[in-house]
Amino acid sequence: MKKILVLLLLWGPCYSYAQSTAEAKKLYQANKLEEAKEVLLALDDSDKDVPYFLGRIAFDQREFKKSVSYFEDLSDDYPNVADYHYWYGNALGRQAQESSVFRQGLLAPKIKNAYEKAVALDPKNIDAHLSLIEFYTLAPGIMGGSWEKAEETAEVIKSIDPAQGHTAMATVWIRQEEYDKAEKEYQQAMQLNSQYAFTLGYFYQGRKSFDKAFDLFQKVYAEDTTKIGALYQIGRTSAFSGTNSELGIASLENYLSKELPPNFPSPSAAWMRMAMIYEKKGDDQKAVELYTKSLALDENMEESKKGLERLR
């Protein structure tokens, strides 16, 4: 009996600790960052999950210096874990964005090294490869940027996930202002995986190729009426272009009649886009009505605030 009691006493704290770590992860995943941090700070940081999630929380809260410190220690203590190098690179990259040019020059080799270690340890880590492309295409050559390496990395991604590789290559071409080449890459991605039709559509919107955007999103919805996001994008294209207003309004009304899944553009956003269409049509009264309706649903809808400021 005494042995059982001893075992229970020894096992109990471990069980409690594991439960606390699991609790912290759940809180983090629920975006309850302060609560997760409170739990983690009460735990023994000898468990690598503790500094890992503290680093992630610091990153999400834009405390990049703290995040760098956590992931630097983790990547030093566990040099064979790709994810630690990946997040170390991410934290350094965000810190660099808020630093002077001189400081960026000092951080650039560390960022590059972190991402390259991550992909060396985990060659199929697409996120790390994509981050390398960001680095190679945005950093000046003197800091390690390289169009050639960016293209090579995109080819590596193609070998892992061909469709995503084509979108990665499109990014490389866009950064070089080779928009025709980028369009072809997006088209090839869409042919391999239909979900990339939206990516191509966003590209058309960004390039103000509105006719192509209208055609693409109408085709997406005609082929699969469950893809209601295409309805919103038709309305968005109309709001941006000031054309096809009746189509845009009808599409947004159809969108608003649907049960919207989580993370889809909100009803407030849809009313805001419809207000933009009416504003472009010159119907200021209707536009004011809809911007007001949008704000009633979401008081933080900045585009609707700006719309009312323009019209009042």
Side-chain angles (χ1 to χ4, degrees), residues 119 123-138 147-245 247-256 258-266 269-270 273 276-277:
V119 299
K124 293 187 177 182
N125 187 330
I126 290 179
D127 288 338
H129 284 295
L130 291 171
S131 294
L132 262 180
I133 287 176
E134 288 295 301
F135 178 84
Y136 289 141
T137 58
L138 294 176
W147 297 117
E148 183 179 356
K149 287 187 177 180
E151 291 174 29
E152 289 173 359
T153 304
E155 291 294 342
V156 171
I157 297 174
K158 285 183 184 181
S159 71
I160 304 167
D161 182 331
Q164 194 163 6
H166 282 294
T167 66
M169 188 66 81
T171 297
V172 178
W173 292 128
I174 288 170
R175 297 273 164 82
Q176 296 179 79
E177 299 184 1
E178 296 275 5
Y179 300 112
D180 289 343
K181 291 181 179 179
E183 180 181 4
K184 290 177 181 177
E185 294 290 344
Y186 282 134
Q187 289 171 339
Q188 290 180 72
M190 184 181 70
Q191 289 170 6
L192 291 168
N193 187 332
S194 63
Q195 75 178 28
Y196 288 103
F198 281 83
T199 308
L200 177 58
Y202 302 147
F203 170 76
Y204 286 144
Q205 288 174 340
R207 293 295 303 150
K208 297 185 178 181
S209 299
F210 296 123
D211 288 342
K212 288 183 177 181
F214 278 122
D215 290 345
L216 178 63
F217 288 123
Q218 286 183 90
K219 182 179 179 182
V220 167
Y221 187 68
E223 291 179 351
D224 185 352
T225 56
T226 67
K227 293 183 177 179
I228 59 174
L231 293 170
Y232 178 84
Q233 293 304 327
I234 293 168
R236 185 171 184 258
T237 305
S238 179
F240 286 165
S241 66
T243 62
N244 287 332
S245 57
L247 172 63
I249 291 167
S251 297
L252 288 169
E253 288 175 340
N254 192 1
Y255 179 77
L256 285 162
K258 308 294 185 183
E259 183 176 347
L260 303 181
N263 301 322
F264 269 52
S266 66
R273 296 300 180 198
M276 289 178 67
I277 296 171

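Residue indices begin at 1 and follow the sequence shown. The shown structure was predicted, so the numbers you read here are calculated from the model rather than taken from an experiment.
- With sequence neighbours left out, E151 forms a salt bridge (charged side-chain N to carboxylate O under 4.0 Å, His left out) with no residue at all.
- Counting heavy atoms from C-beta outward, P261 and I228 have side chains that approach closer than 4.5 Å.
- Take T153 and apply the side chain to side chain contact (heavy atoms under 4.5 Å, CB included) test, not counting sequence neighbours, and it matches H129, L132, I133, Y136.
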Kindly indicate, with the supporting measurements, whether the criterion side-chain contact (heavy atoms from CB on, under 4.5 Å) is fulfilled by Y202 and Q233.
-> CA-CA 9 Å; Y202 302 147; Q233 293 304 327; 3.5 Å; yes
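- By the ring pair (Phe, Tyr, Trp, His ring centres under 6.0 Å) test, Y255 is found to be paired with Y232, residues two or more places apart in sequence or in another chain being considered.
- For T225, the side chain to side chain contact (heavy atoms under 4.5 Å, CB included) partners two or more places apart in sequence, or in a different chain, are Y221.
- Residues V220 and A230 come closest through the heavy atom pair CG1-CB, 4.0 Å.
- V119 and N125 make their closest contact through CG1-O, 4.5 Å (heavy atoms, listed as atom of the first residue, atom of the second, distance).
- Taking the ring pair (Phe, Tyr, Trp, His ring centres under 6.0 Å) definition, one finds that F217 meets it with F198, sequence neighbours left out.
- When each of Q188, M190, Q187 is tested with H166 by the rule side chain to side chain contact (heavy atoms under 4.5 Å, CB included), just one qualifies, namely Q188.
- Atom CG of D211 is surrounded by 12 or fewer heavy atoms from other residues, nucleotides or ligands within 6.0 Å.
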Atom pairs and distances, donor-acceptor, side-chain atoms in residues 167-176, under 3.5 Å, two or more places apart:
residue : atom : partner : partner atom : Å
T167    : OG1  : Q164    : O            : 2.7
T171    : OG1  : T167    : O            : 3.3
R175    : NH1  : E134    : OE2          : 3.4
R175    : NH1  : T137    : OG1          : 2.7
R175    : NH2  : E134    : OE1          : 3.3
R175    : NH2  : E134    : OE2          : 3.2
Q176    : NE2  : V172    : O            : 3.4

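- Counting only residues at least two apart or on different chains, the side-chain hydrogen bond (donor to acceptor under 3.5 Å, both in side chains) pairs with a member in residues 234-244 are Q205-R236, Q205-T237, S241-T243.
- Residues K227 and S194 meet the side-chain proximity criterion, which asks for heavy atoms closer than 4.5 Å.
- E155 is linked by a salt bridge (charged side-chain N to carboxylate O under 4.0 Å, His left out) to K158, counting only residues two or more places apart in sequence or in another chain.
- Screening residues 192-201 for salt bridge (Lys or Arg N to Asp or Glu O under 4.0 Å) gives no qualifying pairs among residues at least two apart or on separate chains.
- The side chain to side chain contact (heavy atoms under 4.5 Å, CB included) check on Q195 picks up N193, with sequence neighbours excluded.
- When each of I249, L247, L252 is tested with I234 by the rule side chain to side chain contact (heavy atoms under 4.5 Å, CB included), just one qualifies, namely L247.
- Contact detail for P162 and L192: the closest heavy-atom pair is CB-CD1, 3.8 Å.
- Partners of L256 by side chain to side chain contact (heavy atoms under 4.5 Å, CB included), not counting sequence neighbours, listed by chain and number: P267, A270, W271, M274.
- Taking all atoms of both residues into account, the shortest heavy-atom contact from S251 to G235 is CB-N, 4.4 Å.
- Scored by the side-chain hydrogen bond (donor to acceptor under 3.5 Å, both in side chains) test, Y186 finds no partners at all (sequence neighbours excluded).
- Salt bridge status for E183 with K212: present, with a side-chain N to carboxylate O gap under 4.0 Å.
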